[in-house]
Amino acid sequence: MASSFAATEKFRVTMQDNDGSSQRVTAQLSLDGLKIMNQDGSRTMRSYNLRNVARWDLMDTSTVIWTKADVDLEERPLTLSSDSTTVRNVVDTLAMCCMQ
């Protein structure tokens, strides 16, 4: 059975900032890390190496990805929302990439 996992998986999600604002973005996951790109995928807004992903929490239609860079004192949350199927696929892909 052939694997359906591509080198890079992209998901259209809504990123919710800590101040309560939200914006539509493209989340790109690969073995290189997590990139948050603008909606059409032409500009990288945030980039995280997988070693900086500390943990993640799955809710029904959103996931909180906790990141911690070398210069951070505390973990920082990144909340991504979409339909429940897309959110589950984001978490599955993230787990698969982190376990490689």
Side-chain angles (χ1 to χ4, degrees):
M1 177 162 140
S3 172
S4 63
F5 182 72
T8 300
E9 294 286 336
K10 293 182 180 181
F11 303 94
R12 299 218 184 256
V13 295
T14 301
M15 179 177 67
Q16 298 171 347
D17 289 324
N18 294 340
D19 62 3
S21 65
S22 63
Q23 58 183 318
R24 294 288 296 162
V25 297
T26 299
Q28 178 178 308
L29 281 159
S30 71
L31 296 177
D32 294 327
L34 167 65
K35 285 185 182 179
I36 304 299
M37 306 175 84
N38 62 346
Q39 188 170 1
D40 62 4
S42 63
R43 181 175 62 92
T44 300
M45 300 165 58
R46 297 182 187 185
S47 183
Y48 302 97
N49 189 304
L50 289 179
R51 68 179 175 85
N52 296 111
V53 174
R55 60 189 168 105
W56 53 87
D57 297 320
L58 175 63
M59 278 69 86
D60 184 39
T61 58
S62 65
T63 185
V64 180
I65 301 170
W66 297 88
T67 62
K68 186 170 189 224
D70 297 335
V71 296
D72 293 334
L73 296 175
E74 296 180 359
E75 296 174 350
R76 297 176 186 248
L78 171 67
T79 303
L80 303 176
S81 301
S82 189
D83 62 273
S84 60
T85 301
T86 300
V87 169
R88 277 195 315 269
N89 287 336
V90 167
V91 170
D92 287 347
T93 304
L94 179 61
M96 192 169 26
C97 289
C98 287
M99 295 304 218
Q100 292 294 322

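Values in this document were obtained by computation on a predicted structure and should not be read as measured data.
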Who else is in M59's hydrophobic cluster (ILVMFWY, side-chain heavy atoms under 4.5 Å, direct or via others)?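 M59 clusters with V64, W66.
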Assess whether side-chain contact (heavy atoms from CB on, under 4.5 Å) is satisfied between Q23 and Q39, documenting all intermediate values. CA-CA 8 Å; Q23 58 183 318; Q39 188 170 1; over 6 Å; no
Walk me through it: do D70 and R51 pass the test salt bridge (charged side-chain N to carboxylate O under 4.0 Å, His left out)? CA-CA 10 Å; D70 297 335; R51 68 179 175 85; 3.4 Å; yes
Please report the closest heavy-atom contact between [X] and [Y], naming both atoms and the distance.
X	Y	result
A27	V13	CB-CG2, 4.1 Å
S62	T79	CB-CG2, 4.3 Å
C98	L50	SG-CD2, 4.0 Å
S42	N38	N-OD1, 2.8 Å
T14	S22	CG2-CB, 3.6 Å
V87	L80	CG2-O, 4.5 Å

Tell me every residue that passes side chain to side chain contact (heavy atoms under 4.5 Å, CB included) with V91, counting only those two or more places apart in sequence or in another chain.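 If we apply the side chain to side chain contact (heavy atoms under 4.5 Å, CB included) test to V91, skipping adjacent residues, the hits are W56, L58, T63.
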For [X], give me all partners under salt bridge (Lys or Arg N to Asp or Glu O under 4.0 Å), at least two apart in sequence or on another chain.
X	answer
D92	none
R24	none
D40	none

Backbone of N52 reached by a side-chain donor or acceptor of N49 within 3.5 Å: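 The answer is no, because no donor-acceptor pair under 3.5 Å joins these two groups.
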Any donor-acceptor N/O pair, T44 side chain to R46 backbone, under 3.5 Å: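 Not confirmed, T44 side chain does not pair with R46 backbone.
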Is it true that the side chains of T85 and N89 contain a donor and an acceptor less than 3.5 Å apart?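 There is no such pair between these side chains.
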Is it true that Q16 and S81 share a donor-acceptor pair across their side chains at a distance under 3.5 Å?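 Yes, because at least one side-chain N or O of S81 sits under 3.5 Å from a partner of the opposite role on Q16.
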Residues R55, D57; criterion side-chain contact (heavy atoms from CB on, under 4.5 Å); working and verdict: CA-CA 7 Å; R55 60 189 168 105; D57 297 320; 3.8 Å; yes
Derivation and outcome, side-chain contact (heavy atoms from CB on, under 4.5 Å), residues I65 and Y48: CA-CA 11 Å; I65 301 170; Y48 302 97; over 6 Å; no
Stepwise, does the salt bridge (charged side-chain N to carboxylate O under 4.0 Å, His left out) test hold for D17 with R76? CA-CA 11 Å; D17 289 324; R76 297 176 186 248; over 6 Å; no
How long is the straight-line distance from CG of L31 back to CE of M99, given to the nearest 0.5 Å?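 Going from CE on M99 over to CG on L31, the span is 13.5 Å.
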Measure the spacing between OG of S82 and CE of M15 and express it to the nearest 0.5 Å.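 Answer for the OG-CE pair, S82 versus M15, is 14.0 Å.
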Using the rule given for side-chain hydrogen bond (donor to acceptor under 3.5 Å, both in side chains), can you reason through T67 versus E75, listing the C-alpha separation, both sets of side-chain angles and the distance that settles it, and then say yes or no? CA-CA 5 Å; T67 62; E75 296 174 350; over 6 Å; no
Taking it one step at a time, do T26 and R12 satisfy side-chain hydrogen bond (donor to acceptor under 3.5 Å, both in side chains)? CA-CA 5 Å; T26 299; R12 299 218 184 256; 3.2 Å; yes
For residues M37 and L34: do they belong to one hydrophobic cluster (side chain heavy atoms under 4.5 Å, members Ile, Leu, Val, Met, Phe, Trp, Tyr)?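 Each belongs to a different hydrophobic cluster.
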Please enumerate all residues that pass side-chain hydrogen bond (donor to acceptor under 3.5 Å, both in side chains) together with D83, with sequence neighbours excluded.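 With neighbours one apart ignored, the set is T86.
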